Amino acid sequence: MNKKNEIGGTIQEYDVGEQLGRGGFATVYRARCRNTGRDVAIKKINKSEIAAGGLINRVRQEVTIHSKLNHPAILKLYAFFEDQSFVYLVLELCSRGELQKHIKSLRRVLNEDEAREYLSQVVAGMLYLHSQSIMHRDLTLSNLLLDNNGRVKIADFGLATQLRRPDDRHMTMCGTPNYISPEVATRSFPWP
């Protein structure tokens, strides 16, 4: 394959720009791949911090799950690699940012057509995840991103888990408190 068509496999193959966001152990930057000229987002995860927090397996699981996904409503993971200090996820750049910030910037409520369009995209993405036996477990407005065409992309698979069997149940209390379903919060699941 021609090297000019390959997404970079080391951080040196990117021109890293402005910081787009910051989470517990990770920082996201805008970047451009030197090989392809493609604008991307790079999620830079600090290895020493995840090791100290006992989260190495969670990051491995995030990469394993996210690397299998391919759907228009799911943020694309183009590549991942690591060096001594960091794990890097090379992601689709969603230039319009978080849906939460977009809605706030409107300074009005969404009209019914706008809400329907966003919700239908989220539902399509969630149906795809469920067809792959994946539970996202942290679906929030800040984990829904908008690409440059205003399409929703489900992002951040840090708390996602893969069900191994159809009757598999995950009882771990995780996610963003204001977004946890009542069934999870009260542990009153509707199934046996």
Side-chain angles (χ1 to χ4, degrees), residues 17-24 26-31 38-43 58 61-63 65-78 89-163 166-192:
E18 69 180 302
Q19 180 178 313
L20 299 174
R22 184 167 181 76
T27 306
V28 179
Y29 297 92
R30 175 185 297 267
R38 177 181 287 172
D39 290 324
V40 297
I42 295 184
K43 183 175 182 178
R58 185 182 289 175
Q61 184 166 311
E62 174 180 2
V63 170
I65 288 172
H66 201 167
S67 65
K68 296 177 190 176
L69 303 177
N70 184 17
H71 188 273
I74 305 295
L75 186 71
K76 286 182 181 62
L77 172 63
Y78 296 125
L89 306 184
V90 181
L91 302 159
E92 176 179 10
L93 179 64
C94 287
S95 58
R96 293 195 185 175
E98 297 172 1
L99 181 57
Q100 177 176 332
K101 289 180 181 175
H102 171 70
I103 291 171
K104 281 184 180 180
S105 74
L106 293 175
R107 297 179 179 258
R108 62 173 175 80
V109 296
L110 294 176
N111 66 44
E112 191 172 314
D113 289 336
E114 292 168 323
R116 181 184 306 110
E117 184 59 33
Y118 289 139
L119 191 56
S120 70
Q121 293 172 50
V122 172
V123 168
M126 291 304 294
L127 287 172
Y128 169 75
L129 289 176
H130 291 177
S131 76
Q132 303 299 304
S133 300
I134 293 169
M135 293 171 52
H136 187 280
R137 302 198 301 182
D138 196 21
L139 193 63
T140 68
L141 289 176
S142 60
N143 286 337
L144 299 175
L145 304 178
L146 297 174
D147 70 9
N148 61 344
N149 296 313
R151 291 184 302 252
V152 172
K153 303 288 182 168
I154 298 172
D156 196 348
F157 290 84
L159 293 178
T161 190
Q162 175 91 47
L163 300 177
D167 62 339
D168 210 358
R169 301 286 183 245
H170 283 259
M171 311 298 249
T172 307
M173 182 79 72
C174 62
T176 304
N178 287 346
Y179 290 87
I180 294 175
S181 71
E183 297 84 5
V184 171
T186 62
R187 299 194 182 274
S188 58
F189 300 101
W191 54 80

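What you see is a predicted model, and the numbers here were worked out from it, not measured in a lab.
Taking CG of Leu144 as the start and NE2 of His102 as the end, the distance is 12.0 Å to the nearest 0.5 Å. Residue Arg137 holds its CZ atom at 5.0 Å from OG1 of Thr161, rounded to the nearest 0.5 Å. One distance of note links CD of Gln100 with OG of Ser105; it measures 11.5 Å at 0.5 Å rounding. Considering CD1 of Ile134 and CE of Met126, their distance stands at 10.0 Å, rounded to 0.5 Å. Atoms CZ and CZ, from Arg96 and Arg151 in turn, are 9.5 Å apart once rounded to the nearest 0.5 Å. Distance check, rounded to the nearest 0.5 Å: CD1 of Ile74 to CG of Leu129 gives 4.0 Å.
A donor-acceptor pair is defined here as one N or O able to donate and one able to accept, closer than 3.5 Å; no such pair exists between the side chain of Gln121 and the backbone of Ile154. Judged by distance alone, the side chain of Glu92 and the main-chain N or O of Lys76 form a donor-acceptor pair under 3.5 Å.
Not counting sequence neighbours, the partners of Glu18 by the side-chain contact (heavy atoms from CB on, under 4.5 Å) test are Leu20, Arg30. Among residues two or more places apart in sequence or in another chain, the side chain to side chain donor-acceptor pair (under 3.5 Å) test is passed with Asp113 by Arg116.
Minimum heavy-atom separation, Leu145 to Ala155: CD1-CB, 3.7 Å. Heavy-atom minimum distance, Cys94 versus Lys153: SG-CG, 3.7 Å. Of all heavy-atom pairs between Leu163 and Met135, the closest is CD2-SD, 3.6 Å. Ala31 approaches Ile42 most closely through the heavy-atom pair CB-CD1, 3.7 Å. The two atoms that bring Tyr128 and Asn70 nearest to each other are OH-N, 2.9 Å, heavy atoms only. Considering every non-hydrogen atom in both Arg38 and Tyr78, the closest pair reads NH1-CE2, 3.2 Å.
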Pair Lys68-Gln162, side chain to side chain contact (heavy atoms under 4.5 Å, CB included): steps then yes or no: CA-CA 11 Å; Lys68 296 177 190 176; Gln162 175 91 47; 3.9 Å; yes

Residues Val152, Leu146; criterion side chain to side chain contact (heavy atoms under 4.5 Å, CB included); working and verdict: CA-CA 5 Å; Val152 172; Leu146 297 174; 3.9 Å; yes

From CA spacing to verdict: side chain to side chain contact (heavy atoms under 4.5 Å, CB included), Asp156, Leu75: CA-CA 8 Å; Asp156 196 348; Leu75 186 71; over 6 Å; no

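Counting heavy atoms of neighbouring residues, nucleotides and ligands inside a 6.0 Å radius, atom CG of Asn149 exceeds 12 of them.
The ring-ring contact (aromatic ring centres under 6.0 Å, His included) contacts involving residues 134-161 comprise His66-Phe157, His136-Phe157, where partners must be two or more places apart or lie in separate chains.
Counting heavy atoms from C-beta outward, Leu77 and Leu69 have side chains that stay 4.5 Å or more apart.
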